[in-house]
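Lettering of chains follows the sequences in order, A, B, ..., and the numbering in each one begins at 1. Please read all numbers here as calculations on a predicted model, not as lab measurements.
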4 protein chains.
Amino acid sequence: MALDTAGRVRRAAVKLFAAKGFHGTGIRELAQESGLSTASLYHYMGSKEDLLADIMCDCLRTLLDAATAVAARVDDPVPRVVELVKLHVRTHARKPKETRIVDHEIHALAPSARRTVVALRDSYESVWSEAVAEGVRRGAFRTNQPGVTRIALLEMCNGVARWYSPRGSLSLEDLAEHHADVALKALGACPHGPAEGQSRGE
Amino acid sequence: MALDTAGRVRRAAVKLFAAKGFHGTGIRELAQESGLSTASLYHYMGSKEDLLADIMCDCLRTLLDAATAVAARVDDPVPRVVELVKLHVRTHARKPKETRIVDHEIHALAPSARRTVVALRDSYESVWSEAVAEGVRRGAFRTNQPGVTRIALLEMCNGVARWYSPRGSLSLEDLAEHHADVALKALGACPHGPAEGQSRGE
Amino acid sequence: MALDTAGRVRRAAVKLFAAKGFHGTGIRELAQESGLSTASLYHYMGSKEDLLADIMCDCLRTLLDAATAVAARVDDPVPRVVELVKLHVRTHARKPKETRIVDHEIHALAPSARRTVVALRDSYESVWSEAVAEGVRRGAFRTNQPGVTRIALLEMCNGVARWYSPRGSLSLEDLAEHHADVALKALGACPHGPAEGQSRGE
Amino acid sequence: MALDTAGRVRRAAVKLFAAKGFHGTGIRELAQESGLSTASLYHYMGSKEDLLADIMCDCLRTLLDAATAVAARVDDPVPRVVELVKLHVRTHARKPKETRIVDHEIHALAPSARRTVVALRDSYESVWSEAVAEGVRRGAFRTNQPGVTRIALLEMCNGVARWYSPRGSLSLEDLAEHHADVALKALGACPHGPAEGQSRGE
DNA sequence: CATGAATGAGTGTTCATTCAT
DNA sequence: CATGAATGAACACTCATTCAT
């Protein structure tokens, strides 16, 4: 049925855009991978660029929604950051192609679509910023460069999409925990029992 | 003179490949940015792809040579990793366009050129691996996932090329030190006075 | 009901073919202007070209029938030409889109449809030729180039469809009379009291 | 040489646009008729539409220049109109394809190019208007609808491009004179000895 | 050195039309 | 009746590259 075909187009685009880049992917390849003619492709997408924008927005919106839910559910900054890191890592490990597209193909968007995508990304990152800032405020984190640390950690976690393979020996959960661990260290928190011990120290 | 013109071509390519991607850059743009005709362009490059491969190889070879020199000069794993991280961060901050090209455009190379570039990158990363392994061997680092940590740190430092601006308030040296700090924390070493001090602490 | 829809399609086609030309009008535009899907369009027309041919034939047949009636009703060549000119001008002023299509889009028809349309147009023009020839025969007109004059007058009157607007200050009837006037002058007849004076002269 | 090739492209475009319309002509046909590949075509034109605009502007500018020269040279309105009509008719008889393109393809231009072409056409027509108005002012013409007459005459003369063939029995000079004759009659002037005789009649 | 001219192959997209539902 | 889905062919145009001058 229709949804199925639309899904096939989407999956083909995700696969090819991630593998060869947006500009490196022709619509004839896209059509072949989808099992359609190039003309039929245009029943399921506005334009090649619309397709790209859709993929990026969907991916970012899902991530943003999940992060917002985490921030609403977890008050304590330390477990909140832990959850945010794990969410980010899991998403990048499970959807490496989508997330790589988000990270690598923003330059391929025309200004208006780019603004939308960047706004979504900024919203998402502000959930991180807020968590870090709250941790600093409550004395749970000790870092004199919270902004730099936040962006450095984000880049580290983005990298997961570029190298992690579920076929390797490392389980996804171990991967997520490892990154959460590094994040807490980078932010100057003790991994298991942080806020308490640190607030005492001050 | 000739060298000058060749340099202009190289600089134009670096600028455009970084900004719009290899496939997103046409040779007409390249020619315009270089101030040449498209035909003249071909006096200074083999093909568009050769130009890309040259840029990537030069960048990686410079980095590899510097890293090799660091490894030869610094024996102690802790300062060696510190130096490697700083080198990596400085290079990515000073040459963000070249390093972004290295990180993002490997898929645009044909298999044979890709093999060369990947080999260079692997050589470079093995300098890191060796430093981390040596630190673990000597008890300077405590991490049960040295490989994961290494690649996570590399991704974090690569990210510098994507966001750092020398026009911001953060100095390049502070940036480098901050990342070195995080690296040592992630590897389970105390930043300034590492192996010894930490083993005593337990 | 069906007739209504068919009418909407016809009106849409007339509007668009006149405004943008046959080849400049896509069936998607046609469908949108008709308020139908492109597929539904094909219930009300054979093909895009059939639709064009229908429009042209209907317009020409109406004109031919009216002209034939005029010729049958009015014997005297001078008032006959006057009536023919007025008919032509009125038709082009009232149906500027249809008549412009007839005048401009013959090249878009395939040979067989073109033959039909050209035959209709020739039949119509022969009513004019006959009236002019009769006037010359009876001494009502003085022109040594009756054929050229006839075609020049036709072109002049066709032009009405290209510039006349009922929203202007000139009434349709004044317009028709003005053109009839010019026609009689061009044919060498006195506008009001021609045949008599001239027949006396011979 | 280059000019030759550019000329071949121009001539091919004129031929095809006149015969099949702008939208009815593909660039592949254009290339074939020019004896070039479609890619080479783009060395000699900006875009298909630019080519159209160039053709129209060149044609109109030539006509405008000639008409301006006539107006400057001939003061008396009667011979001035005669010369203008003859110029118009000769141009339309000798360059029927170019003039038909000017008359039929304005709708194919994008707004900005259309404005340019329409401005040229208006300039040209204002030379006619001025001549007619001057004749009316000096009492050389008697018409209570000078504007309508002017446009009707223009349309009549435009028509020449649609039907006149130099292979017919009518010479170009006779054709021009015939139309000038009709024009004077339509404007209410005596063909050979106008202003004087008529002013006496009043 | 430098470039105007040239091109085969390819770009993303739209065309008019059909047909199963 | 009406239409969503589908398509082969064509659309205008650009690609990276070559070569004679």
Side-chain heavy atoms of Asp58(B) within contact of Arg10(B), under 4.5 Å: yes
Nearest-angstrom distance from the residue atom [atom1] of [X] to [atom2] of [N]:
{"X": "His43(D)", "N": "dA16(F)", "atom1": "NE2", "atom2": "P", "result": "14 Å"}
{"X": "Leu52(A)", "N": "dG12(E)", "atom1": "CG", "atom2": "C1'", "result": "14 Å"}
{"X": "Asp4(D)", "N": "dG4(E)", "atom1": "CG", "atom2": "C1'", "result": "16 Å"}
{"X": "Asp50(B)", "N": "dA16(F)", "atom1": "CG", "atom2": "C1'", "result": "12 Å"}
{"X": "Met45(D)", "N": "dA6(E)", "atom1": "CE", "atom2": "P", "result": "14 Å"}
{"X": "Leu41(C)", "N": "dA2(F)", "atom1": "CG", "atom2": "C1'", "result": "12 Å"}
{"X": "Glu49(C)", "N": "dC15(E)", "atom1": "CD", "atom2": "P", "result": "18 Å"}
{"X": "Leu36(B)", "N": "dT17(F)", "atom1": "CG", "atom2": "P", "result": "16 Å"}

Ile55(C) side, atom CD1; Glu98(C) side, atom CD - distance, nearest 0.5 Å: 7.5 Å
Rounded distance [0.5 Å steps], NE2 in His23(C) versus CG in Leu52(C): 9.0 Å
Heavy atoms from other residues, nucleotides or ligands near CD of Glu49(A) exceed 12 (cutoff 6.0 Å): yes
Between [options], which nucleotide gets closest to the side-chain atoms of [X]?
{"X": "Ala39(D)", "options": "dA6(E), dA6(F), dT14(F)", "value": "dT14(F)"}
{"X": "Thr38(A)", "options": "dA2(E), dA9(F), dT7(F)", "value": "dA9(F)"}
{"X": "Lys48(D)", "options": "dA12(F), dT18(F), dA2(F)", "value": "dA12(F)"}

Selection: residues 16-32 of chain D, any non-hydrogen atom under 4.0 Å of DNA chain E: none
First of Gly46(C) and Ser40(B) reached from the 5' end of DNA chain E, by closest nucleotide: Ser40(B)
Salt bridge flag under 4.0 Å for residues Arg162(B) and Asp103(A): no
Parallel, tilted or perpendicular: rings of Phe22(B) and Phe17(B) (30°, 60°): perpendicular
Sugar-phosphate only, base, or nothing, as touched by Ser47(D) at under 4.0 Å among non-hydrogen atoms: sugar-phosphate
CA sep, side-chain torsions, deciding dist, call: Ile106(B), Met56(B), side chain to side chain contact (heavy atoms under 4.5 Å, CB included): CA-CA 9 Å; Ile106(B) 287 191; Met56(B) 297 177 102; 3.6 Å; yes
Paired and unpaired positions of DNA chain F as dot-bracket, Watson-Crick or G-U wobble under 3.5 Å, | denoting a partner strand: .||||||||||||||||||||
Please report, to 0.1 Å, the donor-acceptor pairs under 3.5 Å made by any side chain of residues 115-123 of chain C, with sequence neighbours excluded.
residue	atom	partner	partner atom	Å
Thr116(C)	OG1	Ser112(C)	O	3.3
Ser123(C)	OG	Ala119(C)	O	3.0

Step-by-step side chain to side chain contact (heavy atoms under 4.5 Å, CB included) determination, Leu51(D) to Leu41(D): CA-CA 11 Å; Leu51(D) 185 53; Leu41(D) 218 53; over 6 Å; no
OP1 or OP2 of dA6(F) under 4.0 Å from side-chain N/O of Tyr42(A): no
DNA chain F: 5'-proximal contact among Gly35(C) and Gly35(A) (nearest heavy atom): Gly35(C)
